[in-house]
Each structure stands twice: as structure tokens, then as C-alpha cells.
Amino acid sequence: MPFVAGEYDVIVVGAGHAGCESALASARMGCNTLLLTINLDMVAFMPCNPSIGGPAKGHVVREIDALGGEMGRNIDKTYIQMRMLNTGKGPAVHALRAQADKFLYQHQMKETIENTPNLTLRQGMVEELIVEDGRCVGVEAKGGAQYFAKAVVVTTGTYLRGKVIVGELIYESGPNNQQPSLKLSESLKNLGLELVRFKTGTPPRVHGDTIDFSKTEIQPGDDKPKFFSYETKHADNEQLPCWLTYTSADTHEIINSNLDRAPMFSGVIEGTGPRYCPSIEDKIVRFADKPKHQIFLEPEGKNTREYYVQGLSTSMPEDVQLRILRSIPGLEKVEMMRTGYAIEYDAVVPTQLWPSLETKKVDGLFTAGQINGTSGYEEAAGQGLMAGINAARKVQGKEPVILSRSQGYIGVLIDDLVTKGTNEPYRLLTSRAEYRLLLRHDNADLRLTPTGREIGLITDERFAAFEEKVSLIEQETARLKETRVRPDETVQAMLQEANSAPLVNGIDALTLLRRPELSYAHIESLYPSPLPLDEDMKEQVEIQVKYAGYIDKQLIQVERLQKMEKKRIPEDIDYSLIHGLAMEAKQKMDRIRPLSIGQASRIAGVTPADISILLVYLEHYNRVTAKKHAETDAG
Amino acid sequence: MMTETIAAISTPLGEGGIAVIRVSGETAVQEVERIFHSKTKLTEVKSHTVNYGYIVDPDTNEQIEEVLITVMLAPRSYTMEDVVEINVHGGVVSMRRVMELLLKLEIRVAEPGEFTKRAFLNGRIDLSQAEAVMDLIRSKSDRAFDVAMKQAQGQLSKRIKDLRHTLVETLAHIEVNIDYPEHDVDELTSNFIQEKCGHVMAEIDKLLKTASEGKILREGIMTAIVGRPNVGKSSLLNALAQDNKAIVTDIPGTTRDVIEEMITINGIPLRLLDTAGIRETNDVVERIGVERSRTALQDADLVLFVVNNNEPLQADEREWLQQIEGRQVIIIVNKMDLPNQLDEQELAALAGRFPIVKMSAMLQDGIDALESAISDLFFSGKVESNDATYVSNVRHIGLLHKARRSLQEAVEASQAGIPIDIMQIDVRTGWELLGEIVGDSVGESLIDQIFSQFCLGK
């Protein structure tokens, strides 16, 4: 029997990485928030790799942190290894990656949620959305509990009609043998939302005591770890290494001779899997001439001997999985603790969303995370944060916050989803960003803290520290510009030491720093700064000075883009009335309903001529509207 | 996009001696000043003044052309932006060179209808004209699109696609190094990237060289030579080509194919197409030839219809002459050196307004008359080249120059020790600019390339 179980401002369905960020943001913004999950022991669970970050993904975590989200702080408290990747390349692609103690990570997040005011965490499986007059006003859980709210965020990950596949074994299940959510899909469909079937997978886990690490290569963490959160100044978590090994000729032989039992090839799997996360059987078939593939062995926590076998994602039958494992150097005697599996699930076609992540069909209903066709904890968390922020703002009667492609990877991610859609689980890559040099890992706080502050998720203390940082960076850059470097003995000696050409005339320190072979440390050794600069600030000065030419080039492009983004398209525009617009453009734009000319121009199939025509139409529309207003005012 | 400075030839090709190139945008005056040589600086002249001087190639200091330049400052111009109009006197060839120089600067070719679009958006054109403006953009774009589609099947397009492939492979490799730093894919060395960019630059240089010789340029009056078999079409083509020093003979093919020659007659570029005989046939190979000649005929700005003096007019020739409408035709009575069998009065009646020229292509007799008939039509404005083809060609050259410059910058950056992900920006720009030539610049194809080239995943 249905009964009223509570009233809230915002309800978040699902407490994975998207749901946690959504609920925390909403509650911190002052909205009375309910977070519902099928299983309270699964809050912020990592069903796949026990790691966070890496290129693009690590950037997102820093962006989440700059906006006042939780993921960065949480991993800083629970990491068991921290590595900066890509240090041999330019600053834009340096990327922090952490191995998490996946159990601690969950506990820490649950504790934070439990201690957040305005936030209620409750176990319950949502089976139906309650919609009145096209507005989502609540949810009903199994057992009849009805919760009402002004906005609902659905972040159900891979639980919707989840189906696990291990060889011939197929059963309805969420990730890691959790209960799947079978009825909510139906509810979404009944509301007119189009769903699509996607697939992902995970490798087997093995017992560390049965691994012969002497046959593998050690992969330690950094001696001086950096952190994800700009708030974390210090942490001395004990670090554990990862280990590298490779598949062998036997591995490939075992897989090839068992392809007839592989669901990937027998047609059992209907869902579209991601190209960037293929199963081992897929890799061996598609890249048959590659003699071996990397396998990383990653610890899942401090208090467990379970290891994640990265590179071996598979849905082969259990007996074949064990043989595959034992064909790998170092794993000859390994004990498998959990089998790998493929999982199919329903996702919402993301072009049905506004850039705020609210659905176009149902007012007040937001979706975020893997349900929107993405993959990865970080992609989920980034969307979750934005959906939570925008749900809260909707309740508070404020305009949604939409990050642009030049502001952050979160902006790139959401714009790609809602404008282009995706036909496979979407993963962020740095190459998806047009302005990679601007969207750096080191400057996420400079890019987004002011936005986080405006939203209300950045504390006074943190914002004061931020403003201090900005000011010191500016002062130091100005100081370098004013510092005259003369070709005296000390200077020439330093230059010689650094393999840099001697000076002929005096120049300013800023210009000298532009030389590729010189670093801020070189300049500092001659002209130490009187300012209280920390390492981050020095790095910031160095990057801004060194790459100014390239940065400026991208800024000009951004400025052009911004002009197009600022040209708003009225929501009630009728594309069928626009004279001269190609049929394909009419249909596509009517479906996506872009908010700006900039967004319209990114829709596949919309040509520059269509955009020109739309611009002329809008100009006409605006002038006519303005004229009408003027007449009404005068009348 | 709105602030970019744009240029276009604003007089139709073939209005005789003078051509006007119009440049519009915030930096129009400064940019044109970079190639203008005169006593007065364009940046200092008053609005609405005409200025005399030379267009000079800043790379070679070569004087390209004597010009008159009108400066019209915002908002008192057609687009209500700063506008510079360059009056070029030296015919098609020098106009093209000026246009090419402009496109090497920070200027791009105007999109179809873009001047009008800007004029409208800036409030110059009345509200009631909105629909007309939209129509104009649509029709001009569609026409440009048709031309682009035709070119996409050509040789140039194939070569550009090959170059893009080299670049996208390199880019995919760079991206994998960045996005999968722990993956066992070789780290790209700067030497390797320099080598790849160098190769593409050398190929672009070759393309630009042939472009300046007119080999890849297909602009000009599309002229189809049509007639029954053995009326002497090929000898006419040869005679014209010989007399006018063919710039190129570049389309290989059998005698049944369309053969193409670029010639200039009194400074007018002509693209001559000899078509296989127009008649029904069951021979498959021949039918292909006939199909092609039909297409050639469809596209032609001018048709040279050849009949044989030594033969009575045939039924299909009569039919053809009765059907032909809506295009410019010159009727050529060939083989005047052989006895007359043709009913000239009947031909004249059928010809109507079309001029008739008598000649003997074999003896090179009457070529002059044909040439002057062609230039008459051209200068009277009755024949107009498809200027969209022309524009797209200058545009290609501009894009090739810009792509080359980007790659050059990538190589220089690499030599200076700039990190790979930053150098990548220039390689990618080069790849995208080449993509604009073949009409394909979508980023997704880079991501496709990454996953088809490398085996990645967890």
C-alpha cells in the first residue's frame, strides 16, 4: 500500500559516485535532500577498477573540487597510491591518478554524507517516478513508501534492468551481484523517455598471496605525492605498489580456442560496449598481431589481499577465466576470488536532456552519471555534481549553471552528451577538448573556484585563500616583468650551466623564463621572490609565462566561441517555420533544441549555411519582438 | 566567427577588365595594408577615399598588380564593418594572385552570402528583407556545395585525403601517448613528428606549385565540345590547344573518356572538354563515355557544337539543336576544306540566336574567328563562369598555405623543445585546415582513429 513517507526539496535516486555528489551539493546549498539507495552498504562503491584520476578524468576530479564537490577530498583521505602521469609532457596533460582503498573510500563518503546537515540517507529501491502535469514531484519505493520533492535526480548507474553475463551463465543483476532495478526503466519509458542498451565489463579479482610478484615489474607511487583537492595540504597515507605483467602466447591460445563460448562473439550480448574498454577476448581478436598485452595488478585496499587484474576485462566462462589467469607470468598458481563479467543495462539517450541535465520531457526530473550513457566514476561524479546543483537551483528559482567547453572538462562532457549524444558508453579523453591547453589540471581552481563560490559551495576561508593565491601569482608575474637581467658573470654562469645561450643584452626575467630549457627555479636562484609563494603558485607563474603564446591563441578562439554561445535561441522557437533551413537541420535542431547558436553549430548534420540562416532568422525575430514591445510600451 | 575578416571577388568573372575584391571585417584595413605599397598608408587614409598603389607579395617583394583601393570605414559601408575594395585591372590571372595573397593573411574566403548576412545582422538591411537574405544564403550555399561535391571526387581531393591520413595517424599516436601514458605504445619522438610534418609540407608545396601552374585549378569557363563521332571534335580541341599553348593536359583516359584541356583565349581561362560522341550505344565502355559527356554537357557554361560540312545534317543533330535551351552555344561547321554537303540555310534556321563559325580544324583555318566569337560572348557577359568553382579554388590555395604554416610552426616548436601536447595543437590545426578543403573536419574521426589504430583498455 502506498503511503507518504516524507517531503523534501530534492530527491536523489542512487548513491553511487554521481548520486553522492548530487545529494551533497543539493544539501550544502540549503535544500532539504533525500538520498535513496538500494543497499546502504554500497554507497560510493567502486564496482570496477580501484582507482581515480588519470588524463581527463583526473582533470574532472580537480574541477569537481574547485566547484565544491567531494570526490577530490574523499580520495585524498583514502588513497593507497598517488602518481602524477605524463610528467614528461606539457603541463596541460599532467594528470594525477590515485589507487583507492575501495573500502575506505566508501566508508569515508558514507560518513561525510551522514554528517551533512539537510541530508537524509535511506535504503530503498525506487520503482516509480511520481509525475503530475508533466512535473516530477516524487518517487515511490518498493513497499509503497512515497517521497515527495520539487526536483528528482536519477543516478542509477548500471542497475536499470541490469543483466550479468559470464560465459553461458546469464542472470538479472546489478554490478557485483547487487539487486537490479527492474521497474524504474518501465517508469522512465512510460514518461516518454527513449532508452538504449549499453554494455560494460570488469576483470576477475585474485588473491594477492597466490601471486608470484617476482615475475612482475613493480610500479610504485610518487615519493612526494600531490593531491586532488586544493584543500588537502598534507597527507601521509601509506602507499602500496601496483605490479605489471603481460599476457602470454598461451593466454592468446586459450582465448582463441574458446571463442565459441565467448558471449561477445556468440551474439548473446546485445548492448553496445565501449571501444576504449574492450574485453581481453575482443583485444585478441581485433589486434591479432599484437603478441602480448599489458596486465596491471592493483591492490583493492590496505586490509584486503584482493587484487584487481587490470587489462583482463572479460565475460568468458568461469573455467576459461581461470585458465586465462594462470597462463599469465606471475599468476601461474593464482586463486581467483571473483570472476570477471559483462553487464548490460538501460541508459537514457542523453540528447533528451537540457545542458542543465534536466530532461526535456519531464520538468524537474534530472539524470546523471552512467544512466546518461557515460562510463567512469569521474564522469559520473562530474555530472552528479552539476545535476545536484541545478536541481537545487531549480527549487530555489535560480537559473541553471552550465559550464562551457572552454571552462572545463565537465563542460565538454555534458555538451558532448546533450548535443551529440553517444552510441557507446562515453569516456572522457583529453582529445575531446578543443582548448586542452586552457583546461589544465593545475589551473582547475583558477578556472572554477569563482563559479563554485557563486553557487555557494566554497567556504569563506577557502575563497579567501583562493583570492590570495590569484593575487600572489599576479604580483609575481609583474615582478618578473620588472626584473632586469643583465649579462653579468652570475647570469652567464647560470645560463651555461643550464645549456642556454649566453645573454648579449639585458632583458627582463619574464622573457628569459620563456626559454624552453629554463625553469622558474633557474630564475629564482638568481632573483628570489620576496613573496610568500608555494610550489603551486610558482608552477602557475611558470606555466602562464612559458606557454603564453599558445595560451593566447586559444583564448582568441574561445572569445569567438563565446560570442556564438551568447547568442541565445528562444526556447519556443519553431524550426519548421524557418525559411531556407535544410530539412536535416530542422529535424536535428528540433530534437536537440540547442540553447545557443554555439550549441546548434556543434550538432552533427547542421551546416554553416544553416547556422547563417538561423542567425538571420533570430535577428529578424528579435527585432520584431523588440518592435512589438516598444509598441506595447508606447500603447 | 562574426569578427573574422573575410574577402570575396564581388564582380562576376568575365565582366571584362576590372575586377573588384571586397574585404570586410575588423582588421580589413590593417591586413590589406600588409600587401599594399603606396605613398600613403591605408591605415591613415580617410574613409571613402580612393588610393592608388601596388599589391606586393611580402615574401618576394614582387609587384603583383597596379590597383585602386577604396577604404570605407564602419559603419558607413555595405556590411557596416570596415570594408576595403581592391580594383584590379589586369584580368583574371592577376585578380587570382591578389586573392591568393589576401588569403595568406589573416583573412578567409567569405561564405556564400556572407556579406549580405553581415549587412543584415549589423542592421544595414531592412527587416522585410530577412527572407530574401535567407534564400540567398541557401541558394548560394547549395551551389557551392554542388561544386564542392564534384571536386571531392577529384585528384586533388584524393591527395589531400592521403595527407590528412598521415597527419591523423600521427595525431592519434600523440593522443594515445597522452591519454594512455602507461600503455605499451611507443612514445613518439619529436624526430618522428618532424619527419611526418615535413613530408606533408613537401607534398603541400608540390600541390601549391602545380596550383600556380594551373594544373589543379579547374576554374574557367567550362566549355564542352559536342558533336557526332568523326565531326572533328578532337582536332578542334588540338587546334585550340596548340594555338593557345595549353597550360595543361591532365585527365588521362581512353578516347571514349572526356578529355580536358585548360587554355586561355585573350586572357579568358577556358576549360575545354572533348566528349565522346552523343549517340545511343549498347557497348558498355562506350556508354560510360557517353554518360560522362552528358554530365560534362550538363555542367558546361559554353557549348561548342561541331557539325560536319561534308555531310548532311543528321536527325539526332537536328533534335539536339531543337532541344538545346538555356545555355550558350557556338555552332562550328568543321571540315570546310572538304566538299559541302550540309544545308546551310537549314542550319542557320535551327541555330537561331547562336553564332555559327566556319572552319577547318585540320588546316587550322578559322580558329581566329572562333576565338573572337568566344571572347565576344564572354565580354558581353552572356557567358559567365561558375564563380563558385573559382572561389573554391582560391580558397583551397589559401587553406593549403595556412595548413603548411601550421605544420611549419609545429616543426619549429618541436625543434625548440616544446612539449608534444602543445606542438600537437599546430599539427591538429594543419589537419583541420586540410579537412576544410575536402569538407571534413570532424573531431570524432580522430577518436575513431585512436581506437582503430591502437589496442587500448583496462
Side-chain angles (χ1 to χ4, degrees), chain A residues 48-49 54-56 85-86 88-93 95 203 219 246 274-279 282-283 286-287 290 293-294 296 310-311 313 420 429-432 434 436-437 516-517 547 550 553-554 560 563-564 578-582 604 607-609 612-613 615-617 619-620 623-624 627, chain B residues 1-4 111-114 116-117 120-121 123 127 129-131 133-142 144-145 171-172 174-175 177-184 187 413 416-426 428-429 442-444 446-448 450-452 454-458:
Chain A
C48 201
N49 51 330
L85 305 174
N86 275 339
K89 306 187 184 84
V93 296
Q219 306 265 307
Y246 293 89
R275 286 170 298 177
Y276 49 80
C277 184
S279 59
D282 203 15
K283 288 193 234 179
R286 280 180 51 212
F287 294 88
K290 204 169 149 104
H293 295 271
Q294 286 174 319
F296 289 95
Q310 200 225 95
S313 176
K420 296 176 188 155
L429 297 163
T430 65
S431 48
R432 294 196 195 266
E434 297 84 346
R436 183 155 67 190
L437 190 51
E517 64 278 7
Y547 302 106
Y550 287 93
K553 249 198 239 176
Q554 295 213 324
R560 280 192 192 139
K563 282 190 182 163
M564 302 303 268
I578 304 179
H579 198 76
L581 215 51
T607 65
S612 292
I613 287 166
L615 273 170
V616 171
Y617 178 83
E619 181 67 20
H620 179 254
R623 281 197 233 164
V624 169
K627 223 170 157 184
Chain B
M1 238 184 264
M2 292 293 294
T3 53
E4 282 174 292
E111 287 163 19
E114 193 169 8
T116 309
K117 176 182 96 180
F120 182 83
L121 293 181
L127 208 51
Q129 298 295 310
E131 205 154 286
V133 174
M134 284 148 82
D135 274 342
L136 176 92
I137 295 170
R138 180 85 269 152
S139 65
K140 285 204 170 194
S141 303
D142 288 349
F145 179 76
L171 281 169
I174 297 176
E175 297 301 342
N177 286 166
I178 292 170
D179 274 327
Y180 293 87
E182 292 177 307
H183 215 271
D184 55 349
E187 284 278 328
I418 298 284
I420 194 169
D421 56 293
I422 293 183
M423 186 176 67
Q424 180 269 358
I425 296 171
D426 290 321
R428 184 170 176 151
T429 307
V442 193
E444 184 63 24
L446 172 58
I447 288 164
D448 290 339
I450 295 173
F451 293 114
S452 62
F454 299 98
C455 176
L456 305 160
K458 54 187 176 184

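Counting heavy-atom pairs closer than 4.5 Å to chain A, the top-ranked of the candidates B:V133, B:D179, B:L136 is B:D179. For the set A:A56, A:A582, A:G54, the entry with the most heavy-atom pairs within less than 4.5 Å of chain B is A:A582. Counting heavy-atom pairs closer than 4.5 Å to chain A, the top residue among B:D135, B:D184, B:I420 is B:D184.
The contact between A:L437 and chain B is made entirely by side chain atoms (from C-beta outward), counting heavy-atom distances below 4.5 Å. At a 4.5 Å heavy-atom cutoff, the contact between B:D426 and chain A is made by side-chain atoms alone. Interface remark: A:E517 contributes no atoms to any contact with chain B (heavy atom separation under 4.5 Å). In this structure, the portions of A:Y617 lying under 4.5 Å from any heavy atom of chain B include both its backbone and its side chain. Only the side chain of A:Q219 comes within contact range of chain B, judged by heavy atoms closer than 4.5 Å. Both the backbone and the side chain of B:I422 have a heavy atom closer than 4.5 Å to some heavy atom of chain A. If you measure heavy-atom distances from B:I418 to chain A, the contacts under 4.5 Å come from the side chain alone. Heavy atoms of B:E182 lying under 4.5 Å from chain A belong to its backbone as well as its side chain. Residue A:A604: no heavy atom, backbone or side chain, is found under 4.5 Å from chain B.
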Q.
For a side-chain contact (heavy atoms from CB on, under 4.5 Å) check, start with the C-alpha distance between B:N177 and A:K89, then their side-chain angles and the critical distance, and finish with the verdict.
A. CA-CA 9 Å; B:N177 286 166; A:K89 306 187 184 84; 3.9 Å; yes
Q) Passes side-chain contact (heavy atoms from CB on, under 4.5 Å), A:S612 versus B:E111? Steps please. A) CA-CA 9 Å; A:S612 292; B:E111 287 163 19; 3.5 Å; yes
(Q) The test is salt bridge (Lys or Arg N to Asp or Glu O under 4.0 Å); show your working for B:E175 and A:R436 and say whether it passes. (A) CA-CA 12 Å; B:E175 297 301 342; A:R436 183 155 67 190; 2.7 Å; yes
(Q) Checking B:K117 against A:I613 for the side-chain contact (heavy atoms from CB on, under 4.5 Å) test, could you report, in this order, the C-alpha distance in whole Å, the side-chain angles of both residues, the deciding distance, and whether it holds? (A) CA-CA 8 Å; B:K117 176 182 96 180; A:I613 287 166; over 6 Å; no
Q: Decide side-chain contact (heavy atoms from CB on, under 4.5 Å) for B:Q129 and A:H620; before the verdict, give the C-alpha distance in whole Å, the side-chain angles of both, and the deciding distance to 0.1 Å.
A: CA-CA 9 Å; B:Q129 298 295 310; A:H620 179 254; over 6 Å; no
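To the nearest 0.5 Å, atom OG of residue A:S431 and atom CG of residue B:L171 are 9.5 Å apart.
Partners of B:D421 by salt bridge (charged side-chain N to carboxylate O under 4.0 Å, His left out), not counting sequence neighbours: none found. With sequence neighbours excluded, the residues forming a side-chain contact (heavy atoms from CB on, under 4.5 Å) with A:E619 are A:R623, B:F120, B:L121, listed by chain and number.
Using a 4.5 Å cut-off on side-chain heavy atoms (C-beta onward), B:I425 and A:Q554 make contact.
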